[in-house]
Amino acid sequence: MKLLSAKPAGSPGSLVLPGFTALNLIVLALIGCTGGALAQTTTVAGKPGELKKLSLEELLNIEVTSVSRRPEKLSETASAIQVITSEEIHRSGVTSLPEALRLAPNLQVAQVDSRQWAISARGFNNTLANKLLVMIDGRAVYTPLYAGVFWDVQNVLLEDVDRIEVVSGPGGTLWGANAVNGVINIVTKSARDTQGLLVTGGGGTLLRDFGALRYGGAVGTNFFYRLYGQRFDRNSSVLANGNDALDDWNMTQGGFQTDWYPSDANTLTFQGDYYAGTERSALGDTQVDGQNALGRWTHVFSEESELQVQMYFDRTWRDIPNQLAEDLKTYDFDVQHRFALGERQTIVYGLGYRLMQDRLQNTPAISFLPPKRNLQLFSGFAQDEITLADERLKFTLGTKVEHNDFSGWEVQPSARVAWMPATNQTLWGAISRAVRSPSRIDSDVFVPSPPVPPGVTTFSGSHGFDSENLVAYELGYRVQPISRLSLAVAPYYNFYKDLRSLDQLSPTNLIIENNFKGEVWGVELSANYRATDWWRLRGGYNFLHKHLWPTTTNALASVREGNDPEHQFSLQSIMDLPGHFQFDITARYVDTLHSPDVPSYSTFDVRLAWQYRTLEFSIVGQNLLDNQHPEFGAVAGRREIERSVYGKVSWSF
């Protein structure tokens, strides 16, 4: 493992990321990489091809749950939200969850190497991004190690995804800490919507081989289940000179879901997953595996009143040879109740408890002291939506109160207003406060492990590290000027305090503190256009400007949190051709990343498929505009993503 030092103060910071190792993970987090959703599948059935037949108005009326923790029409939400439907995922030809997230124009998504991704909303993007809450069917995929997501092990079966709701902007009032810059809510289909047998398989250049098998059945008329298994082998990325980066990997995963409807008012869901994989690097193979189980009971009292109780267990294990091993067990309980208060008010409130048992294996290079911690999180929230002016004006007020073991009590209030001057228009605004809770890297890390010989430079966390906090101001306008076109615009201004800094106490002593402030402003544009009954276009543009500054002389001015493009553009074209053919293009442009310097790039993916009844053959080309290009990371040791192609066969019956 080789660690390169930060650049001198006054110049953009830079670190080499030769591969995913623990020391990279720690140091990248230290210097900022330089520079349960209680959601139910609603409204949209899950079979491929159904969404493309919906009118644009019906697509805008898809019900989402991420903004208010209750079903509401996409077109009426007081938030910057994008929904990626199952049809859009299918027609894009993507093969992983991070690739699918590229379809949301309000996200910054960069592929670092064969298995690492940098994903964020409204800035602060890096491989250890920590201001985005991600949930899969109500289970938060969160590690207290760095307060973020290990994207390599979020390997859902894409054919089972009903939709992905992507909210840019704070969601702390409902979802709590780390929902600072956005919320990603992956909602899978119910077992009732995945009946029968599905078989898929194929292979290609980057995705060498893959296959999946799923079977859904029923017992009686009210109990449904599905079982699935899948595996893939991915090839390595390449270095700038074209040499193999030696980071190929594989993953095997299986799972189940049952949905029982004992009465019209009750739904009981139980689901679980298991995965295991091997990730190669020049320093040895990293082993990962994990298991999860989730149960949820939903009771509907009336159209205006509903109770949900959810519990889940999640275990993740990661062993990086001679660097770091982590065994994390998470136990989570959540209950929420929604009811109407009179004719004009809807109240949602809830309570939650989470226990995270984190066990780390220290090495001479890195240690966490203490190596074992039991982290508890207590939370409660309440939100009141008030409707006025013949249901055209809505005010929403709410707050969440949490207690964590690092910074104690946190309060995250918000106020939102939505005005619908006409049935085809929604104007909204919001003011919110959100926090990013401290992680074990912020508080407990020591690099190298003590005792340290004299003269050796050390990095360490601070037991006094406080939560980072944000106050956000948002506006938005959503309109359908004609029946075939919808438009949305969302400008925003974010002000951050107590951002993570790297302070130099002496020439050989660096410590993590909260001595940065910052502001981010920008605008998100999106459009959806159905040109004809057989051709649909969707896309967006994102402008972002970020300015950070230290608040003490000890904070290294060369260090910046994250690396974000100022401009990015995306476009997806979905075409149904004669003879059962489909022709789809997904294009994107990403602006320069300035620290470290990553050049701008443009590229596109193409999918050609032939579908007859339940049999489909497809061929997909990805990153077709150039032989290879980088998307993230410092120049030295940077990985690049090659042009690739794969073929796929899918059969369901």
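Basis for what follows: all heavy atoms, side chains included, without hydrogens, waters or symmetry-related copies.
From Tyr275, atom OH reaches atom CH2 of Trp317 across 10.5 Å, with rounding to the nearest 0.5 Å. If you take CZ on Phe583 and CH2 on Trp535, they are separated by 10.5 Å, rounding to the nearest 0.5 Å. Separating the CE atom in Met135 from the OH atom in Tyr142 is a distance of 14.0 Å, to the nearest 0.5 Å. Going from atom CH2 of Trp651 over to atom OG1 of Thr614 covers 7.5 Å, rounded to the nearest 0.5 Å. With rounding to the nearest 0.5 Å, the separation of OG1 in Thr258 from CG in Leu227 is 10.0 Å. Atom CD in Gln230 sits 8.0 Å away from atom CD in Glu159 (nearest 0.5 Å).
Taking the six-membered ring for Trp and thresholds of 30 and 60 degrees, Trp610 and Tyr612 have nearly parallel ring planes, at less than 30 degrees apart.
In this structure, Glu165 pairs ionically with Arg163, as a charged nitrogen and a carboxylate oxygen lie closer than 4.0 Å. Between Arg139 and Asp332, none of the side-chain N atoms (NZ, or NE/NH1/NH2) sits under 4.0 Å from a carboxylate O, so this pair counts as no salt bridge. In summary, Arg536 and Glu88 engage in a salt bridge, as defined by a charged side-chain N under 4.0 Å from a carboxylate O. Taking 4.0 Å as the cut-off between side-chain N and carboxylate O, Asp289 and Arg315 count as a salt-bridged pair. Salt bridge status for Arg538 with Glu87: absent, with no side-chain N to carboxylate O gap under 4.0 Å. Taking the charged nitrogens against the carboxylate oxygens, Arg91 and Glu616 have no contact shorter than 4.0 Å, which rules out a salt bridge. The residues Asp327 and Arg318 are annotated as not salt-bridged, no charged nitrogen and carboxylate oxygen being separated by less than 4.0 angstrom. Between Asp113 and Arg115 there is no salt bridge, since no side-chain N of the basic residue sits under 4.0 Å from a carboxylate O of the acidic one.
In this structure, a donor-acceptor pair under 3.5 Å is present between the side chains of Ser237 and Asp247. A donor atom on one side chain and an acceptor atom on the other are found under 3.5 Å apart for Gln582 and Arg607. For the residue pair Asp259/Thr269, the side-chain donor-acceptor check at 3.5 Å is satisfied. Side-chain contact check for Arg588 and Asn623: at least one donor-acceptor pair (N or O, by modelled atom type) lies under 3.5 Å. Of the N and O atoms on the side chains of Ser236 and Asp244, at least one donor lies less than 3.5 Å from an acceptor on the other residue. Judged by distance alone, the side chains of Thr278 and Gln287 do bring a donor and an acceptor atom under 3.5 Å apart. Thr194 and Arg226 form a side-chain donor-acceptor contact under 3.5 Å, judged by distance and modelled atom types alone. In summary, the side chains of Asn106 and Ser168 do present a donor paired with an acceptor at a separation below 3.5 Å, with no hydrogens or angles considered. The closest side-chain donor-acceptor pair between Gln271 and Asp137 falls under 3.5 angstrom.
Between Asp248 and the choices Arg234, Arg280, Arg639, the salt bridge (Lys or Arg N to Asp or Glu O under 4.0 Å) rule is met once, by Arg280. Between Phe256 and the choices Phe270, Tyr215, Tyr228, the ring-ring contact (aromatic ring centres under 6.0 Å, His included) rule is met once, by Phe270.
Proximity of Leu624 to Val606: side-chain heavy atoms (C-beta onward) are separated by under 4.5 Å at one or more points. Thr330 has its side chain within reach of Tyr312: a pair of non-hydrogen atoms, C-beta onward, lies under 4.5 Å apart.
Judged by distance alone, the side chain of Gln108 and the main-chain N or O of Arg122 form a donor-acceptor pair under 3.5 Å.
Closest approach of Ser96 and Trp117 over heavy atoms only: OG-CZ2, 4.4 Å. For the pair Ser120 and Leu132, the tightest heavy-atom approach, listed with the atom from each and the gap, is CA-CD2, 4.0 Å.
When ring centroids are compared, Tyr589 and Tyr601 stay outside the 6.0 Å threshold. For Phe232 and Trp249, the distance between ring centers is under 6.0 angstrom.
Residues passing the ring pair (Phe, Tyr, Trp, His ring centres under 6.0 Å) test with Phe569, sequence neighbours excluded: none.
For Asn322, the CG atom counts as loosely surrounded, since its 6.0 Å shell holds 12 or fewer non-hydrogen atoms of other residues, nucleotides or ligands.
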